[in-house]
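We count ligands from 1, going down the list as the structure has it; atoms in each ligand are counted the same way.
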Amino acid sequence: MCGIVGYVGLGNATDIVVNGLQRLEYRGYDSAGIAVYDQDLGLQICRSIGKLGMLVARLQHDCPAQGPVGLGHTRWATHGGVTEDNAHPHRDQDGTIVVIQNGIVENYLELKGRLLEQGHSFKSQTDTEVIAHLVGVHYRETQSLEQAVRRTLGELRGGNAVVAFSVNEPDRLVAARLGNAGGVVIGVGDGENFVASDMPAILDHTREMLFLENRELAIITRDAVQISTLEGTPVQRVPTHMSWDPVAAAKGDYKHFMQKEIYEQPRALMDVLRGRIDQEGGMVHLEDLKLDDDALRQIDRIYAVACGTAWHAALVGKFMLETLAQVRVDVDYASEFRYRQPLLDQRTLLLTFTQSGETVDTLAAMEEARDQHVHSVAIVNAIGSQAARLADGGPIYLHAGPEIGVASTKCFTNMLVACYLFALRIAQARGLMPPAPMREHLQALIELPGKAAQVLEQAAAQCEELTEYYYHASDALYLGRQVNYPIALEGALKLKEISYIHAEGYPAGEMKHGPIALIDDSLPVLCIAPRDGIYEKMLSNVEQVKARGGHVIAIASEGDTLLPTKADHVIFIPETIPLLTPVLTVLPLQLLSYYIAVRRGCDVDQPRNLAKSVTVE
Ligand code: F6R
């Protein structure tokens with residue numbers, strides 16, 4: 001959603017803030033703006049709709065801004081259309097206070113109504129301008145930016161990350177966090193300090209990070225960062241050293257981040273396994289897991305909760321956990337789970353899947369678990385993210401490195417493997433997995449990165465070629481069964497989000513109950529049919545599609561000679577344990593979506609309307 005960057009120091013805030021916003025471009029946005037203050041030049045504000053390049057051009061030609069303190073924002077519209085007036089930063093009534101915000105002020109109409117009655121006038125339709133006006137009102141009462149922000153947040157309902165500046169206190173920024181509208185991370189430098197919504201924005205400058213928790217506020221000056229609760233209690237916090245390498249967040253020789261991340265999967269798979277497998281002893285070790293054997297034995301039900309692609313990973317995870325660890329698993333969308341008063345008890349475990357660790361609905365589910373004293377574990381990529389910190393049972397990190405492409409790829413496959421490891425770990429604690437069978441599972445995991453590399457190498461040219469047949473399709477159907485049904489969902493999601501082709505994923509057995517009506521000779525049907533226990537059922541589904549003139553692209557196991565006689569095109573994957581096939585079957589579907597989107601001229605890394613971290617409801 002919205003990106004936030006702020007700077008206080010001796011450098012030029014414009015360069016630092018714009019550079020930080022560039023690092024957040026992957027989040028997706030529709031407009032951007034910056035406010036910079038200099039003692040001689042005063043407050044300078046520049047805003048533009050569109051990509052960051054348009055703001056940079058305006059900064060160069062229309063409104064050059066410079067100064068040692070500044071804040072900038074990329075907007076993903078919620079209240080009010082995409083206009084320059086609605087772009088942040090926003091100012092208070094007399095123009096001396098500027099505010100940027102990520103989140104939604106749920107009671108903004110009520111607050112705005114009150115301000116209008118008091119004679120305030122507004123220049124935008126945003127809820128953020130209401131925050132700026134309120135900070136202005138409270139500033140006049142308290143003559144303190146800190147107190148004004150504190151009082152303002154006391155009046156807001158919703159989830160908000162806010163950074164404010166006043167020309168009357170030009171040595172500081174005040175940042176605050178209310179709820180789960182996304183993170184606020186403060187970068188501690190030497191004679192300069194930074195604030196941002198995500199670490200990549202400031203990693204070029206410092207690796208020492210302080211994270212604001214819910215209902216905390218920070219006063220950020222050049223030499224100090226003071227954190228307190230919104231109620232005013234001082235908080236002592238030591239910065240965390242981050243080893244995340246900004247070079248890993250660069251595109252290198254690839255045309256798109258998504259392409260780079262697809263090809264990074266063999267490496268990422270090695271990293272999620274690294275140090276966690278004891279092949280000789282037949283054991284799994286998850287370094288950050290805080291649940292001991294006894295606690296793992298107590299679990300009699302798991303709620304697997306996530307959003308989007310991560311939810312598809314949770315669906316696959318259900319098969320892994322139920323089969324290997326023999327625990328009952330319910331999978332839920334986080335946005336549904338949080339509002340339906342789920343039945344949790346002390347033997348329930350909440351297992352969340354999240355790349356960013358900042359998805360607002362997933363965090364709300366974790367808070368629900370915490371409030372009901374239920375353990376939670378997060379399968380998460382972003383180190384030190386809110387989900388990683390909220391998980392009392394510990395994070396299971398994906399170690400996939402930064403994922404910049406909006407469409408998740410490498411984090412999806414790493415989620416599957418992380419969940420497999422967790423399922424084996426529970427099985428180990430419960431005595432369900434003696435070393436010998438465990439070694440077979442571990443061996444299959446060890447071989448997985450190599451097999452993924454093989455699929456990517458063999459399937460790339462074929463997928464690129466298939467693009468020519470299918471890039472103009474208006475719809476596509478994806479069919480799979482059992483553990484590969486979520487892969488049908490994921491294949492369809494990948495296609496629609498980056499190429500804007502309508503696509504649906506279905507359990508293949510359900511096809512005859514409705515979707516079969518869609519089949520004609522213009523419909524590509526992707527059938528995921530590796531050789532497993534339900535292979536023959538998939539084969540009949542392929543026959544049924546062909547009998548109605550549909551075009552079948554099948555994903556099959558190497559050595560399968562039957563499927564090629566029935567399908568129009570076949571992409572092969574190497575054999576592995578059936579529960580692990582999704583890690584391989586999804587790869588050609590990612591490639592196909594990627595090439596089709598490129599062929600259609602779509603913006604693969606920043607698809608329209610999508611944001612990388614969804615921090616508003
Ligand atoms: C799709 C995609 C999204 C995310 C979803 C959850 O390609 O990336 O559907 O999976 O927004 O995000 P995280 O994993 O950050 O919680």
Problem set entry | Whether V406 lies under 4.0 Å from ligand 1, heavy atom | yes

Exercise. Is there a heavy atom in E358 that sits closer than 4.0 Å to ligand 1?
Worked result: no

Closest protein heavy atom to [atom], given as residue, atom name and distance to 0.1 Å:
atom: atom 15 (O) of ligand 1; result: S356 OG, 2.6 Å
atom: atom 7 (O) of ligand 1; result: E497 OE2, 2.5 Å
atom: atom 5 (C) of ligand 1; result: C307 O, 3.5 Å
atom: atom 10 (O) of ligand 1; result: T309 N, 3.2 Å
atom: atom 11 (O) of ligand 1; result: V614 CG2, 4.0 Å
atom: atom 13 (P) of ligand 1; result: T359 OG1, 3.3 Å
atom: atom 14 (O) of ligand 1; result: Q355 N, 2.6 Å

Exercise. Which ligand 1 atoms does A310 reach within 4.0 Å, using its non-hydrogen atoms?
Worked result: 10 (O), 14 (O)

Exercise. Are I379 and L398 side-chain neighbours, meaning at least one heavy-atom pair lies under 4.5 Å?
Worked result: yes

Exercise. Would you say the ring centroid of Y108 lies under 6.0 angstrom from that of H79?
Worked result: yes

Problem set entry | Separation of H399 NE2 from N381 CG (nearest 0.5 Å) | 9.0 Å

Problem set entry | Distance-only donor-acceptor check, side chains T409 and Q265, under 3.5 Å | no

Exercise. Per the side chain to side chain donor-acceptor pair (under 3.5 Å) rule, which among R599, H256, E261 passes with Y594?
Worked result: H256

Problem set entry | Check ion pair E336-R340 (N to O, under 4.0 angstrom) | no

For this session: Output yes when D332 and R338 qualify as a salt bridge under the 4.0 Å nitrogen-oxygen rule, no when they do not.
Result: no

For this session: Could you say whether the N/O atoms of T362 and ligand 1 ever approach to under 3.5 Å?
Result: no

Exercise. Y29 ring centre to R75 NZ or CZ under 6.0 Å, with the angle to the axis within 45°?
Worked result: no

